[in-house]
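Order of listing sets the numbers, starting from 1, for every ligand and every atom in it. Everything numeric in this text was worked out from a predicted model, so none of it was measured.
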Amino acid sequence: MNILVTGGAGYIGSVVVEECLRGGHQTIVYDNLVKGHRESVAAEAGFVEGNLLDGDLLKKVFRESEIEAVINMAAYSLVGESIENPAKYYHNNVVAGLSLLDAMRECEIKKIVFSSTAAVYGEPEKQPVEENDRLAPTNPYGETKLAFENALRWYETAYGLHYASLRYFNAAGASEKCGEMHEPETHLIPLVLQAAVGNRSHVEIYGEDYPTRDGTCVRDYIHVIDLARAHVLALSILDEKSAIYNLGCGGAGYTVREVIDAASEVTGLEIPVLVADRRAGDPAVLIASSNKIKTELGWNPEFQDLRVIVESAWKWMRNHLKNEQAKSETSIGQ
Ligand SMILES: NC(=O)c1ccc[n+]([C@@H]2O[C@H](COP(=O)([O-])OP(=O)(O)OC[C@H]3O[C@@H](n4cnc5c(N)ncnc54)[C@H](O)[C@@H]3O)[C@@H](O)[C@H]2O)c1
């Protein structure tokens with residue numbers, strides 16, 4: 001298929017692009033680089049620098065490249081920022097998202113895979129979370145993702161659009177070439193690795209008195225390659241139907257302390273830790289069931305082991321730091 005990946009220069013998007021190419025799809029990235037990195041886009045993919053709000057540019061790309069399906073990963077995704085500045089999130093994740101859907105509608109493109117989030121569940125009533133559980137986002141980020149999911153549902157009814165909404169928690173790890181480079185970084189594994197190499201003074205653990213196996217919160221981490229493969233797999237249902245799938249590690253999850261210990265073992269470095277108070281609204285356990293996508297689509301995650309996830313992130317980070325250093329030495333030498 002000819003596929004457009006919006007947000008394909010971002011962390012997860014760049015790995016989704018690698019997997020689309022591996023699956024034999026012609027792949028074009030559409031990204032305004034507000035957060036993404038041009039160098040993360042695989043050389044074999046096309047690239048268009050543009051904003052989802054630019055419907056005319058989207059329609060031009062759709063027509064010229066005969067796009068058949070869209071994977072929409074372009075969004076803002078910082079929970080704290082969304083609480084401080086909801087307008088920014090509604091504008092980018094909903095208004096810009098609708099601009100994409102309308103451009104698709106005008107060009108009669110009827111297939112979309114959407115990066116949703118576990119934040120649509122808010123604080124779940126039971127664990128692991130399943131797709132039919134209560135939807136009750138507790139922040140504007142989750143609300144905007146749910147608003148887009150709801151739009152997809154109504155666009156299906158009225159215009160025959162088929163969608164796959166993938167709800168996930170924490171993407172983690174790296175492929176050979178692409179890894180996590182958010183600014184600011186809020187995700188645990190890169191934060192821990194940055195503390196290991198001394199790029200930050202310490203990692204904070206928020207609360208050590210939860211009713212979990214070591215007192216720290218249990219969270220769900222999924223390897224970014226497994227996640228990317230699920231996006232490509234989800235394209236296969238879109239001729240026939242729409243669906244919503246959770247993507248999670250499926251097992252017992254990992255505690256914050258287990259992540260830090262794994263990083264310490266993998267790097268061989270000491271990781272300074274500061275134990276702080278619990279944060280309001282942090283549930284003890286947050287994990288997703290992936291049974292539905294496993295049963296219906298045969299999704300079979302290969303890299304679920306925490307150590308494998310951390311090793312891949314560490315390998316990528318060391319290469320990235322080396323490349324950055326080489327670049328700065330070259331520019332000093334010039
Ligand atoms: N990282 C996670 O753990 C996680 C978990 C659940 C859901 N998600 C969702 O997955 C998607 C990708 O996450 P990520 O961590 O790779 O984020 P990211 O910030 O690395 O990537 C997002 C990309 O979208 C682009 N973008 C944003 N707004 C745009 C616009 N209006 N027009 C064009 N491009 C735009 C950015 O430049 C960036 O390249 C997001 O939609 C996010 O909400 C991520």
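Here L53 sits in one hydrophobic cluster together with V95; the rule is ILVMFWY side chains under 4.5 Å apart, joined directly or through other members.
Taking a 4.0 Å cut-off on heavy atoms, H187 registers as neighbouring ligand 1. Taking a 4.0 Å cut-off on heavy atoms, H37 fails to register as neighbouring ligand 1. The closest approach between V34 and ligand 1 falls below 4.0 Å for a heavy atom of the residue. By the 4.0 Å heavy-atom criterion, A119 is excluded from the residues contacting ligand 1.
Heavy-atom proximity to H182, at under 4.0 Å, picks out these atoms of ligand 1: 14 (P), 15 (O), 17 (O), 18 (P), 20 (O). Those atoms of ligand 1 with a heavy atom of N170 less than 4.0 angstrom away are 3 (O). Near Y141, meaning under 4.0 Å from one of its heavy atoms, ligand 1 places the atoms 7 (C), 8 (N), 9 (C), 42 (C), 43 (O). Close approach to G36 involves these atoms of ligand 1, each under 4.0 Å from a residue heavy atom: 36 (C), 37 (O), 38 (C), 39 (O). Numbered from 1 in the order shown, with element, the atoms of ligand 1 that lie under 4.0 Å from a heavy atom of A171 read 2 (C), 3 (O). Of all the atoms in ligand 1, the ones that sit under 4.0 Å from a non-hydrogen atom of K145 are 40 (C), 41 (O), 42 (C), 43 (O). Of all the atoms in ligand 1, the ones that sit under 4.0 Å from a non-hydrogen atom of S115 are 9 (C), 10 (O), 11 (C), 41 (O). Proximity to G50 (heavy-atom distance under 4.0 Å) selects the following atoms of ligand 1: 32 (N), 33 (C).
Between the side chains of Y155 and D102, at least one donor N or O sits under 3.5 Å from an acceptor N or O. At a cut-off of 3.5 Å, with distance as the only test, a side-chain donor of H187 or E180 sits close to an acceptor on the other residue. Under the 3.5 Å distance criterion, with hydrogens and angles disregarded, a donor-acceptor pair is assigned to the side chains of N246 and Y121. A donor-acceptor contact closer than 3.5 angstrom is absent between the side chains of Y11 and S40.
Residue nearest to atom 11 (C) of ligand 1, selected from R38, M73, H91: M73 (by heavy-atom distance). Heavy-atom proximity to atom 7 (C) of ligand 1, evaluated over S116, S14, G97, is greatest for S116.
Of all the heavy atoms of L53, none lies under 4.0 Å from any atom of ligand 1, so neither backbone nor side chain is involved.
Scanning both residues, Y254 and Q304, for their nearest heavy atoms gives OH-O, 3.0 Å.
In this structure, R219 fails the cation-pi test against F169, since its NZ or CZ atom is not both closer than 6.0 Å to the six-membered ring centre and inside 45 degrees of the ring normal.
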